Amino acid sequence: MRFRRKGVSAPLAIGAVLAMVAVPVVLGSSAEAAPGCKVDYTITNQWDTGFGATVTVTNLGDPISGGWTLSWDFPGNQQVQQGWNGNFGQQGTRVTVRDAGWNGSLGTGATVSPGFNGSYTGTNGKPAVFTLNGTTCTDSTVPTTTTPTTNQNNMSGALPDAPLSGHWFSAQFQELPRNAYPAL
């Protein structure tokens with residue numbers, strides 16, 4: 001197939017046709033930081049009605065610079081009595097630990113280890129689910145969810161339903177610059 005030049009090269013014309021014929025493209029919105037964390041809850045010592053524990057949190061996601069909050073629910077009647085390396089609070093079975101100020105930043109792969117002494121009666125079970133800044137710690141990063149959007153350029157009917165070969169195709173390339181850019 002041979003193109004006659006009328007001021008526009010064949011590659012430029014091909015690129016223009018491909019750009020105009022493109023099917024609506026699905027685009028993702030800008031991504032947020034990928035959250036992810038790992039928690040190791042260790043009972044360091046235990047006696048009749050008390051225990052000590054360390055909660056080592058590893059940030060597996062993007063760096064955290066604005067402070068962190070770790071939360072969990074005790075499975076029994078455990079009560080935090082005193083804590084360190086964080087500011088502890090408890091309401092019912094729900095424990096919330098906020099950074100201590102000096103340890104409010106967690107880079108990717110960084111750890112923080114708040115610890116506490118607590119009391120209990122009956123069984124001293126370990127918490128099953130931990131959240132860091134609202135994200136459930138699963139020992140991996142959480143994929144960032146993006147909402148697809150559709151390209152709003154409605155190109156339906158831009159070209160007639162015809163094969164992209166033969167005379168019709170070459171004729172469209174010759175007319176494309178004049179139709180697409182009338183001022184040229």
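Values in this document were obtained by computation on a predicted structure and should not be read as measured data.
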Is the ring pair Phe130/Tyr41 parallel, tilted or perpendicular, if the boundaries are 30 and 60 degrees? tilted
Does Asp48 CG have over 12 foreign heavy atoms under 6.0 Å away? no
Can you run down the disulfide bond (SG atoms under 2.5 Å apart) pairs that involve residues 37-71, sequence neighbours left out, and say none if there aren't any? Cys37-Cys137
For Ala100, side-chain contact (heavy atoms from CB on, under 4.5 Å) partners two or more places apart: Trp102, Asn103
Straight-line distance of [X] [atom1] to [Y] [atom2], nearest 0.5 Å:
X: Thr96; Y: Leu70; atom1: OG1; atom2: CG; answer: 8.5 Å
X: Ser71; Y: Arg98; atom1: OG; atom2: CZ; answer: 7.0 Å
X: Ile43; Y: Thr54; atom1: CD1; atom2: OG1; answer: 10.5 Å

Validation row: Val97, Val55 side chains within 4.5 angstrom (heavy atoms): no
Connected via hydrophobic side-chain network under 4.5 Å: Trp72 and Leu60: no
Common cluster, Val80/Val129, ILVMFWY with side-chain heavy-atom separation under 4.5 Å: no
Salt bridge (Lys or Arg N to Asp or Glu O under 4.0 Å) contacts in which one or both residues fall within residues 105-123, not counting sequence neighbours: none
In short, salt bridge (Lys or Arg N to Asp or Glu O under 4.0 Å) pairs touching residues 102-125 with sequence neighbours left out are none
Heavy-atom donor-acceptor pair, [X] side chain to [Y] backbone, under 3.5 Å:
X: Asn87; Y: Asp99; result: yes
X: Asn59; Y: Gly109; result: no
X: Gln91; Y: Thr93; result: no

Other cluster members, Trp84 - Ile/Leu/Val/Met/Phe/Trp/Tyr, side-chain contacts below 4.5 Å: none
For Arg94, give me all partners under salt bridge (charged side-chain N to carboxylate O under 4.0 Å, His left out), at least two apart in sequence or on another chain. Asp73
Output every pair passing side chain to side chain donor-acceptor pair (under 3.5 Å) with a member in residues 110-132, not counting sequence neighbours, ordered by first then second residue. Gln46-Tyr120, Gln46-Asn124, Thr56-Ser113, Asn77-Thr121, Gln78-Asn124, Gln81-Ser119
Minimal non-hydrogen separation, Trp68 against Leu132, with atom names: CB-CD1, 3.8 Å
